[in-house]
K.L.:
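Got a structure for you, written out below as structure tokens; questions coming shortly.
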Amino acid sequence: MSGTISLLRKFLYVATTFIASAAYAQTPVATLLVLAKSDNTLAIVDPATLQILVRVAAGPDPHEIVASDDGKRAYISNYGGSDSDLHTISVVDLVAQKPLPPIDLGALHSAHGLAFAGGKLYFTAETNKIIGRYDPASQRVDWILGTGQDRTHMITVSKSLEQIITSNVNSGTISIIEHVAQRNVGFGPPPGGPAGSPNAGGPPPQRPERTPGSPRLTWEVTNVPAGNGVEGFDVSPDGKEIWAANARDGTVTIIDLASKKATQTIPVPVKGANRLKFTPDGKLVLISGLGAGAAGISLVVMDASGRKEEKHLSLGGGAAGIFITPDGSRAYIAVSTNDKVAVVDLKTLEVVGQISPGKQPDGLAWAVRK
């Protein structure tokens with residue numbers, strides 16, 4: 001009898017694996033991931049047909065989402081507000097299209113912004129005023145850093161992993177966090193080498209990792225004043241500027257990354273500026289607004305070089321999440337107050353379709369199967 005049960009279990013395992021593999025093979029190479037906050041679900045969408053392939057449980061109060069580099073996992077922040085007792089990040093298996101056990105962050109609460117870089121998951125935790133990093137291989141949080149700012153909200157990580165940028169809503173700042181050689185602030189030889197050496201008094205060399213005799217590396221945080229309620233932001237594709245949307249001011253602050261200073265603040269005709277994204281060629285900037293009514297402006301498209309409005313769109317309600325396809329042909333805009341995602345052609349700047357992912361869509365991501 002036990003042998004029969006064992007064979008049956010093996011059969012069920014093989015059958016389940018086959019079904020999951022077959023479903024995965026039929027899934028498009030690239031899929032759009034859309035969170036529906038009020039439904040606590042993730043919709044996996046075929047971007048070619050705009051059809052929803054499946055809906056999967058996303059955990060409590062899902063806000064932001066990111067996919068792993070191989071397109072096999074999605075990570076979803078369970079937010080709950082800046083003083084929330086939620087302390088998890090949901091995980092979805094995009095191959096089997098089912099939820100996995102969530103990541104327990106322990107004492108770190110109200111995770112929000114997410115980024116996946118270098119094989120690891122970076123996140124913000126608003127309650128604790130920190131950013132953290134989760135290693136899927138070891139299944140643990142392996143690094144955290146305090147920002148000292150209120151409501152550290154969104155996050156980006158450079159490809160080099162040497163620069164992290166966050167927005168801090170209530171502090172009205174953008175934090176530029178860089179991995180640099182530690183300055184010599186105590187006793188010892190001047191930075192750059194012993195006294196009398198060619199490099200004495202000069203800046204110490206910067207290396208990605210410490211080798212014998214090299215300077216000790218540290219994380220340096222520069223908090224740059226932006227605007228009231230700064231939230232959504234993006235780094236220009238050339239890496240020279242940060243554009244940050246100030247939700248309570250109706251403005252966008254432009255920050256020069258080299259000098260780490262704000263160079264310009266420009267008004268935008270959208271209420272509750274929520275998210276901001278550059279097109280891949282750096283020519284356009286899209287800004288969504290949650291404050292739009294049925295006839296109000298949901299999305300503003302700006303000419304990045306001219307610093308002026310190119311066009312604005314009314315999408316039938318207040319908008320939040322923005323995702324622009326890697327080829328720059330389309331933008332997907334989460335019209336949260338109208339329970340839809342609008343599809344915008346970035347050549348004509350016209351709405352060419354819509355998706356109905358569930359109630360109150362917000363976070364968007366792109367998963368590429370590898």
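Since the structure is predicted, the reported quantities are computational estimates derived from the model, not experimental observations.
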K.L.:
With rounding to the nearest 0.5 Å, note down the distance linking CH2 in Trp243 to CD1 in Ile254.
P.N.:
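Going from the CH2 atom of Trp243 to the CD1 atom of Ile254 covers 4.0 Å.
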K.L.:
May I ask whether Ile266 and Ile255 are part of the same hydrophobic cluster, defined by side-chain heavy atoms of I, L, V, M, F, W, Y residues being less than 4.5 angstrom apart, directly or through others?
P.N.:
no
K.L.:
Can Arg133 and Asp142 be counted as an ion pair, charged N to O under 4.0 angstrom?
P.N.:
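Yes, charged N to carboxylate O under 4.0 Å.
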K.L.:
Are the side chain of Thr152 and the backbone of Ile130 linked by a donor-acceptor contact shorter than 3.5 Å?
P.N.:
no
K.L.:
Might you point out which heavy atoms bring Gln149 and Asn168 nearest each other, and give the distance in Å?
P.N.:
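Residues Gln149 and Asn168, closest heavy atoms: CB-CG, 3.3 Å.
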K.L.:
OG/Ser356 to CG/Asp339 distance, rounded to the nearest 0.5 angstrom?
P.N.:
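So the OG of Ser356 and the CG of Asp339 are separated by 8.5 Å.
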K.L.:
Mind checking whether Val34 and Trp366 sit in one hydrophobic cluster, side chains of I, L, V, M, F, W, Y counted as touching below 4.5 Å?
P.N.:
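Val34 clusters together with Trp366.
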K.L.:
Would Val92 end up clustered with Leu33 when hydrophobic side chains under 4.5 Å apart are linked, directly or stepwise?
P.N.:
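They do share one cluster, since a chain of ILVMFWY contacts under 4.5 Å joins Val92 to Leu33.
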K.L.:
Can you confirm whether the side chains of Ser288 and Asn274 place a donor and an acceptor under 3.5 Å from each other?
P.N.:
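Judged by distance alone, the side chains do not pair up.
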K.L.:
Would a distance-only check, ignoring hydrogens and angles, find a side-chain to backbone donor-acceptor pair under 3.5 Å from Thr218 to Gln182?
P.N.:
no
K.L.:
Answer yes or no: is there a donor N or O on one side and an acceptor on the other, between the side chain of His153 and the main chain of Ser167, under 3.5 Å?
P.N.:
no
K.L.:
Could you tell me if the side chain of Lys37 sits less than 4.5 Å from the side chain of Tyr79, heavy atoms only?
P.N.:
no
K.L.:
Under a 3.5 Å cutoff, is there a donor and acceptor pairing between the side chains of Ser38 and Gln360?
P.N.:
yes
K.L.:
Verify the cluster assignment for Ile44 and Val343: are they in a single hydrophobic cluster under the rule of side-chain heavy atoms below 4.5 Å apart?
P.N.:
no
K.L.:
Do Val141 and Phe116 sit in the same hydrophobic cluster, where Ile, Leu, Val, Met, Phe, Trp and Tyr count as joined when their side-chain heavy atoms come under 4.5 Å apart?
P.N.:
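Same cluster.
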K.L.:
Closer than 4.0 angstrom, basic N to acidic O: yes or no for Arg73 and Asp93?
P.N.:
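Yes, Arg73 and Asp93 are salt-bridged.
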K.L.:
Is Lys260 atom NZ crowded by more than 12 heavy atoms from other residues, nucleotides or ligands, each under 6.0 Å away?
P.N.:
yes
K.L.:
Do you know the tightest heavy-atom contact between Tyr122 and Ala117?
P.N.:
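So the two residues come closest at CE1-O, 3.6 Å.
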K.L.:
Taking the side chain as C-beta and beyond, is there a heavy-atom pair between Phe123 and Ile155 under 4.5 Å?
P.N.:
no
K.L.:
Go through Leu257 and Ile165 one step at a time and tell me if the side-chain contact (heavy atoms from CB on, under 4.5 Å) criterion holds.
P.N.:
CA-CA 10 Å; Leu257 258 173; Ile165 299 171; 4.3 Å; yes
K.L.:
Would you indicate whether the side-chain heavy atoms of Ile176 and Ile242 approach each other to under 4.5 Å?
P.N.:
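Of all side-chain heavy-atom pairs linking Ile176 with Ile242, at least one is under 4.5 Å.
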K.L.:
Between Tyr332 and Val45, is a side-chain contact (heavy atoms from CB on, under 4.5 Å) present by the stated rule, with each step listed?
P.N.:
CA-CA 11 Å; Tyr332 299 92; Val45 181; over 6 Å; no
K.L.:
Dump the intermediate steps for salt bridge (charged side-chain N to carboxylate O under 4.0 Å, His left out) on Asp135 and Arg140, then the final yes or no.
P.N.:
CA-CA 6 Å; Asp135 181 8; Arg140 68 185 185 91; 6.0 Å; no
K.L.:
Distance-only, no hydrogens or angles: does the Asp70 side chain make a donor-acceptor pair with backbone N or O of Lys370 under 3.5 Å?
P.N.:
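Answer holds: no.
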K.L.:
Check Ala367 against Leu94 and note the closest heavy-atom contact, atom names and distance.
P.N.:
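Closest pair (atom of Ala367, atom of Leu94, distance): CB-CD1, 3.8 Å.
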K.L.:
Where do Asp39 and Arg55 land on the salt bridge (charged side-chain N to carboxylate O under 4.0 Å, His left out) test, with the steps shown first?
P.N.:
CA-CA 10 Å; Asp39 290 339; Arg55 287 184 173 88; 5.8 Å; no
K.L.:
Counting only heavy atoms from other residues, nucleotides and ligands, does the tally under 6.0 Å from NZ of Lys120 exceed 12?
P.N.:
yes
K.L.:
With side-chain contact (heavy atoms from CB on, under 4.5 Å) as the test, would you mind laying out the steps for Val224 and Lys261 before giving the verdict?
P.N.:
CA-CA 6 Å; Val224 182; Lys261 292 182 179 179; 5.6 Å; no
K.L.:
Side chains of Asp85 and His87 only: does a donor on one sit below 3.5 Å from an acceptor on the other?
P.N.:
no
K.L.:
Could you go through residues 346-354 and list every donor-acceptor pair under 3.5 Å that involves a side-chain atom there, pairing it with any protein atom two or more places apart or in another chain?
P.N.:
residue: Thr348; atom: OG1; partner: Glu350; partner atom: N; Å: 3.4
residue: Glu350; atom: OE2; partner: Lys311; partner atom: NZ; Å: 2.7

K.L.:
Using atom types as modelled and distance alone, determine if a side-chain donor or acceptor of Ser336 lies under 3.5 Å from a backbone N or O of Ala319.
P.N.:
no
K.L.:
Could you walk me through whether Lys240 and Asp256 satisfy the salt bridge (charged side-chain N to carboxylate O under 4.0 Å, His left out) test, starting with their C-alpha distance in whole Å, then the side-chain angles of each, then the deciding distance to 0.1 Å, before giving a yes or no?
P.N.:
CA-CA 6 Å; Lys240 293 182 178 180; Asp256 176 65; over 6 Å; no
K.L.:
What heavy-atom pair brings Ile177 and Ile131 nearest, and what distance separates the two atoms?
P.N.:
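Where Ile177 meets Ile131 most closely, the heavy atoms are CD1-CD1, 3.8 Å.
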K.L.:
Can you tell me how far the CG atom of Leu313 sits from the CD1 atom of Ile333, to the nearest 0.5 Å?
P.N.:
8.5 Å
K.L.:
Just so I know, are the side chains of Leu284 and Ile324 near enough to count as touching, which here means a heavy-atom distance under 4.5 Å?
P.N.:
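Sidechains of Ile324 and Leu284: no contact.
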K.L.:
Does the distance from a Lys or Arg side-chain N to an Asp or Glu carboxylate O, for Glu64 and Arg275, drop under 4.0 Å?
P.N.:
yes
K.L.:
Say whether, by atom type as modelled, one donor and one acceptor occur between the side chain of Asn128 and the main chain of Ala107 under 3.5 angstrom.
P.N.:
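Looks like yes, one N/O pair under 3.5 Å.
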K.L.:
Does any part of the side chain of Phe233, heavy atoms only, come nearer than 4.5 Å to the side chain of Leu276, both counted from C-beta?
P.N.:
no
K.L.:
Checking Thr251 side chain against Asn246 main chain: does a donor-acceptor pair fall under 3.5 Å?
P.N.:
no
K.L.:
Just verifying a value: how many Å separate His109 NE2 and Thr88 OG1, rounded to the nearest 0.5 Å?
P.N.:
9.5 Å
K.L.:
His312 versus Val301: any side-chain heavy-atom pair under 4.5 Å?
P.N.:
no
K.L.:
I need the minimum non-hydrogen distance between Pro280 and Pro326, along with the two atoms involved.
P.N.:
CG-O, 3.5 Å
K.L.:
Quick check for you: to the nearest 0.5 Å, what is the distance between Ile76 atom CD1 and Leu35 atom CG?
P.N.:
5.0 Å
K.L.:
Under a 4.5 Å cut-off applied to non-hydrogen side-chain atoms, are Leu145 and Ile164 in contact?
P.N.:
no
K.L.:
If you look at every heavy atom in Gly59 and Ser90, which pair is closest and at what distance?
P.N.:
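Nearest pair, atom of Gly59 first, then Ser90: CA-OG, 3.5 Å.
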K.L.:
Would you check if the side chain of Asp303 reaches a backbone N or O of Lys308 as a donor-acceptor pair within less than 3.5 Å?
P.N.:
no
K.L.:
Can you spot which of Asn338, Val335, Ile297 makes a side-chain contact (heavy atoms from CB on, under 4.5 Å) with Leu315?
P.N.:
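Among the candidates, only Val335 passes.
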K.L.:
So, taking the atom named CG in Asn40 and the one named CG in Asp61, what distance separates them when rounded to the nearest 0.5 Å?
P.N.:
7.0 Å
K.L.:
Using modelled atom types only, decide if a donor and an acceptor are shared between the side chain of Asn170 and the backbone of Arg151 within a distance under 3.5 Å.
P.N.:
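No; zero donor-acceptor contacts below 3.5 Å.
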K.L.:
Contact between Val91 and Pro101 at the side-chain level, heavy atoms closer than 4.5 Å - yes or no?
P.N.:
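No, side chains not in contact.
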K.L.:
Under the side-chain contact (heavy atoms from CB on, under 4.5 Å) criterion, do Glu162 and Glu178 qualify, and how do the steps go?
P.N.:
CA-CA 6 Å; Glu162 299 296 299; Glu178 295 176 303; over 6 Å; no
K.L.:
Could you walk me through whether Ser175 and Asn223 pass the side chain to side chain donor-acceptor pair (under 3.5 Å) test, one step at a time?
P.N.:
CA-CA 4 Å; Ser175 292; Asn223 295 315; 2.5 Å; yes
K.L.:
Given 3.5 Å as the limit, does a donor-acceptor pair link the side chain of Thr124 with the main chain of Met154, or not?
P.N.:
no
